[in-house]
Amino acid sequence: MTPIPDTTQKQATAQGSVIYYRDGKTVLARQGVDRKVVELDKVPKHVREAVIAAENRSFYEDAGVSAKGTARALWSTVTGQQLQGGSTITQQLVRNYYSGLSQERSVTRKFKEILIAMKVDQSKPKDWVLEQYLNTIYFGRGANGVQSAARAYFGKDVEDLDVAEGAYLAAVIQQPSRFADPEGADLQAARYRWKSVIDAMRETGALSAAEASAQKFPELVAPKKPFELKGQARYMLQQVTDELNRRGYTDEEINSGGLKIVSTFDKKLMTAAERAVKATIPDGTSQKVRTGLAAVDPATGEVVAFYGGDPERYSYDNAFSAKVMAGSTFKPYTLAAALDNGFDLSTQVDGNSPLRVASADKPIPNDSGRSYGRIDLVQATQNSVNTAFVDLGQKVGLDKVAETAEKAGIPAAQLTQKDAASFPLGVSSVSAVQNASGFSTFANKGVHVEAHVLKSVTDGEGHKEVVEPVSTKVIGEQAAADTTYAMQQVVKYGTGTAARLYDRPVAGKTGTTDDSRSVWFNGFTPQLAVAVNMFRDDNKTVTVPGYGTQFGGQLPAQIWRAFMTEAMAGKPVEEFPEPSDYGWDDYSPFRDDRGDEPQQDYSPPSDDGWSTPSTEPDEPSSDGWPTSEGPGDSAQDGGRNDQNGQNDFGRRGDQSEQSDPPSSQEADQPFTRTDQPPGNGSDRTTPND
């Protein structure tokens, strides 16, 4: 009348999951119960015999219960005395393994335990019972099961335990909390209990008298502190967990399914990312100034590194969760859309300021009202000319610009104001990971591979699932090559010279929103795409001691260069694909109306002189563009935006509410050393961004 329960207690069989860095060997974090189930033949015979000698000498002969021990335990329960020992290994397993048997001390529960133990003994092999027991029992030090106990007490796998060590684990079962890290009287008690197990093994014949007398009390390793995640590991664990959930793994599976999870994160590059940020940002910088960095492998979509800020200070990270206005880093999506829809690098666009567009109530200006005349798309990109990209957006169609950005990994929900003339200027907010992933499209010949943080997941039974990210053809190979070529000029001659690498080609784009509320540098080599942003969590102007108001070509570009110098060290130099033959053999950098032309043969200094502050640019004017938002929040901006965090500027003329247009997105000046000669990019009338 008392059936064997058909379910087990979750905690009895739960195995914690282990998360690894991309090498599949280095542990990043552990989640859930510390248990690793092992088969009985992996447990040395002397360890099994030690447990049997300590807990149930008649295990292989009895019927699952001990008459004397059970009678003693029942009497203790009836009289209210402390429950005495006497439970067999089978009874202990039944109590801790099957559902429906509580730990309360009652005669009814004890009888039920006895009957189920007898039925288990009749229906299950003894070795099965012993295997489940060894994997179920708690050994102290947070270790569940004999394998985890071997690691916790002796720093080795259970199969490597010697006789003395196995005897100690058997001794621990009786009082795991007391014997976990014994000192003083507890140590003396642990020695006595260990010696009694050795003697019991001699009495059962597991050890000869000589073998028993030769045993010495084993040396325990120091207990490990509870697994505590620090720094970026907290953010890494959160991103891994979030992606596991998105891919259908429940929290219960993660915490108790014994999963082996291999992430995409490279430990060395994670360290390099944090070092690049902390070594570049000066001491004394306001804690409200936040920096994010994300690095994506273009060929695989793997997020190999990021820097998300200080988890002790911020509730959300700067790389995945924080979304800030993209500014001029959005312009390459407009350029790519045009080049993939019949335009070419020699296409002429209107670089004059201001530019009047039918869909905008007010004219759109360039920085400082500067006009460039009719310019081609290379010059427009190199000098980040706002009016040129507004004109280009009108020509190619804003719907195509939005489609290109979405295919490149920017979620459609974030592509706000996509009907506004200012849309190509980057009024949408994106994360560093999204922007790095988007630029990886250009490095990967026009194909976007979904950004992800998981390489593989292996379940407790050894079934391995390799993550296969979605690939999307965004633009043609030639359009990607031409977009990349235009962005190479940004780093060679334009607003991003501070990001140059000594030994290899770089393509990139600076970005600075109005009032410098968010500043960016996005760049890539053929092997790696990296985005760096800086913003304030109160949406005010980003200023840094000794540097003043920031622009994308300043500290963001320096951080990018510091990280990439380390990340690309020792990597083969790969060249970008050749651009279309549009007569660029005769191309020279854009010369402004004063005749100042950047030096084409200039190269970065060999020392770390890039940390020298540049001449502080003119104070940017404000138009109230929002630039920062926390995860899931709309942008905030002093009441100038609607409820969805969208800025009023650039909406179609039939909108009832209008605000003043922005003066422009401010200049990202080519960052130069103060010892550079004048007229080579250090003046204040440098190209706007």
Side-chain angles (χ1 to χ4, degrees), residues 13-33 35-39 147 229 232-270 273 294-306 308 319-320 407-409 411 431 433-434 436-441 443-474 524-530 567 571-572 574:
T13 57
Q15 298 183 71
S17 296
V18 183
I19 302 168
Y20 298 87
Y21 284 95
R22 65 182 291 108
D23 63 5
K25 299 177 181 178
T26 308
V27 175
L28 190 164
R30 300 181 188 276
Q31 279 286 89
V33 178
R35 173 184 284 114
K36 176 66 175 177
V37 172
V38 292
E39 296 177 356
Q147 166 62 16
L229 293 176
Q232 301 306 295
R234 293 190 189 180
Y235 291 143
M236 284 189 272
L237 176 60
Q238 184 63 56
Q239 292 306 318
V240 167
T241 302
D242 288 349
E243 186 164 319
L244 284 167
N245 291 158
R246 289 195 299 271
R247 295 186 182 277
Y249 291 90
T250 65
D251 288 341
E252 182 178 345
E253 288 177 297
I254 297 170
N255 291 320
S256 60
L259 305 178
K260 177 183 178 182
I261 303 159
V262 180
S263 75
T264 63
F265 302 127
D266 185 293
K267 187 174 184 180
K268 290 183 179 179
L269 292 185
M270 286 295 302
V296 174
D297 184 330
T300 65
E302 295 176 355
V303 181
V304 295
F306 71 92
F320 288 87
K407 286 183 177 179
S431 70
V433 170
Q434 290 169 346
S437 177
F439 272 45
S440 73
T441 303
N444 196 37
K445 300 180 180 180
V447 176
H448 176 258
V449 184
E450 173 193 13
H452 59 287
V453 302
L454 296 177
K455 286 178 69 70
S456 67
V457 180
T458 305
D459 65 21
E461 297 180 354
H463 301 134
K464 184 175 183 179
E465 177 188 359
V466 177
V467 173
E468 297 181 358
V470 176
S471 294
T472 304
K473 183 72 172 179
V474 180
F524 55 93
T525 64
Q527 300 104 312
L528 195 62
V530 179
K571 299 291 190 300
E574 295 186 14

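Values reported hereafter were calculated over all heavy atoms of this structure, with side chains retained and with hydrogens, waters and symmetry mates removed.
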Roughly how far, to the nearest 0.5 Å, is [atom2] of [Y] from [atom1] of [X]?
X    : Y    : atom1 : atom2 : result
L237 : D242 : CG    : CG    : 9.0 Å
L454 : E302 : CG    : CD    : 10.0 Å
D459 : K464 : CG    : NZ    : 12.0 Å
T264 : D297 : OG1   : CG    : 9.5 Å
K407 : K473 : NZ    : NZ    : 10.5 Å
F265 : I19  : CZ    : CD1   : 9.5 Å

Checking [X] side chain against [Y] main chain: does a donor-acceptor pair fall under 3.5 Å?
X    : Y    : result
Q232 : G308 : yes
N444 : S440 : no
S17  : I254 : yes
T441 : V447 : no
D266 : M270 : no
Q527 : P572 : yes
S437 : Q434 : no
Q147 : V38  : no

Which atom of [X] lies closest to which atom of [Y], heavy atoms considered:
X    : Y    : result
V457 : I261 : CG1-CG1, 4.4 Å
M236 : L28  : SD-CD1, 3.6 Å
L528 : A567 : CD2-CB, 4.1 Å
V453 : E243 : N-OE1, 2.8 Å
H452 : T300 : CE1-O, 2.9 Å
S431 : A319 : CB-O, 3.5 Å

>> Between V262 and S456, is the side-chain contact (heavy atoms from CB on, under 4.5 Å) condition met? List the steps.
In response: CA-CA 5 Å; V262 180; S456 67; 3.6 Å; yes
> When the ring planes of F306 and F320 are compared, do they come out parallel, tilted or perpendicular, using 30° and 60° as the limits?
Replying inline: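 The arrangement is perpendicular - the two ring planes meet at more than 60°.
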Can you confirm whether [X] sits close enough to [Y] that some side-chain heavy atom of one is under 4.5 Å from a side-chain heavy atom of the other?
X    : Y    : value
Q31  : N255 : yes
V530 : T525 : no
Q239 : V433 : no

>> Run Y20 and K455 through side-chain contact (heavy atoms from CB on, under 4.5 Å) and show every step you take.
In response: CA-CA 10 Å; Y20 298 87; K455 286 178 69 70; over 6 Å; no
>> Consider side chain to side chain contact (heavy atoms under 4.5 Å, CB included). Of D23, V240, V303, V304, which one does S263 pass it with?
In response: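 Answer to the side chain to side chain contact (heavy atoms under 4.5 Å, CB included) test with S263 among D23, V240, V303, V304: V240.
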